[in-house]
Amino acid sequence: MWVWLHKFASPPHCYRLARTTRAVVRLERIRADRGCTLWRAGARTPDYQQGDAFRIIYVHAPSAWMSLCVYVVMALASAIGLIWRIKLAHAVAASCAPIGASFAFCSAGHGCPVGSADVGHLVGVGRTPDFGLILLFLYLGYIALRASIDDLQRADRASAVLALVGVVNVPIIHYSVVWWNTLHQPATVTKMAAPSISTSMLIPLLMMIVGFTLCFVALLLVRVRGEVLRRERSAGWIREAMA
Amino acid sequence: MAALLSSLLAADSLLKSDAQDGSLEQYVLSGQPLTWLLLAKIAAHWVLSGLPLVLISPLVAIALGVPGHALDVVVGSLLLGTLTLSLLGGIGAALTVGLRRGSLLLSLLVLPLAMPLLIFGSRAIELAIAAEPVAGPMYLLGALFVLAFTLAPLTAAAAVRISVD
């Protein structure tokens, strides 16, 4: 009954599955991104408060969202790997980290100009450029810990523990940073309550988030294939697959 | 005050990783519960590094011109903050104990986790200096300490087992 589930833990099966699903995901991602771009080009009027600066939101909010989402995926994969000792889950977690780090870098990168343009407040996320930076440090610590342990199994398990510690702390860090920033500036609190986002901006934003998520899935599938190849390089099935 | 806490962080990491080099395998092999051993280890480390800071903080605060009514908040927030930092440092040290460049990595691992402590600690002290109620940040610091106190020794024990075997 559970055979279909257990098959996902087998590297050869996953390797083949990743190859077939990747094409589908890539197609959908291109469709979502293009839809957003078209919509955005259609709504050419700049915002009356912020001019063209609000357009940063189409990149900033999805990348901030994805950097959190990738961390949760990474921690889930680490927990699965740690509890049921599934090697493939560790491979997934390892391939999540660089993707998440680049998303966090993106969100921290535009967070700084965004903070001055007050774009973040439109969706009520508050001023969180600092949070993107902290998340980036969490990812970098994970990658550095993994890289500095030579033995693969030990590296897997140690970094899995770190990912779990991190995911317990992520909501705490998030709220502490948000409270810190908003408590210091009473103006932002009133600003957050007043303007809610209009539909013409919300729909392309949601499409962009879908596009980013699919982009992450596509990248993850590619990286997992690479990781599986690297880890199983001496296995027989790879030689058969390559032949 | 935030600078004081962050300077503590650096000192924390170095002491911890040095202290754990030799006898760690004996702890694992001794048959005693590793969680309690590590908790004792962390407590001893806190007595050496955190407690003096807490004791000396009223003097430093007076030297920095903090008003008298804020002194108990300074001491209390530093007490909770240093305890939690020692516990977090324990996890980090346990993860990096077998590594050559451990101390640098350790500060990278612990710094993001210690961020809420710095924020709430400095917030409590600011409020106290302005003679406003400080219960909110102090409760949050206490909650963070309880969370770290219950989970950190377990996590550190798991990490030590991974690092040693």
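Every chain is numbered from 1 and lettered A, B, ... according to where its sequence line falls, protein lines coming before strand lines.
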Test Ile172(A) against Leu147(B) for side-chain contact (heavy atoms from CB on, under 4.5 Å), laying out the working first.
-> CA-CA 11 Å; Ile172(A) 303 173; Leu147(B) 184 69; 3.6 Å; yes
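With sequence neighbours excluded, no residue forms a ring pair (Phe, Tyr, Trp, His ring centres under 6.0 Å) with Phe137(A). Remark: Tyr142(A) engages no residue in a ring pair (Phe, Tyr, Trp, His ring centres under 6.0 Å) (not counting sequence neighbours).
Shown here is Ile56(B), whose CD1 atom has no more than 12 heavy atoms of other residues, nucleotides or ligands within 6.0 Å.
Considering every non-hydrogen atom in both Leu113(B) and Gly166(A), the closest pair reads CD2-CA, 4.5 Å.
To the nearest 0.5 Å, the span separating CD1 on Ile91(B) from CG on Asn169(A) amounts to 8.0 Å. Of the inter-residue distances, the one linking Leu95(B) atom CG with Arg157(A) atom CZ reads 12.0 Å to the nearest 0.5 angstrom.
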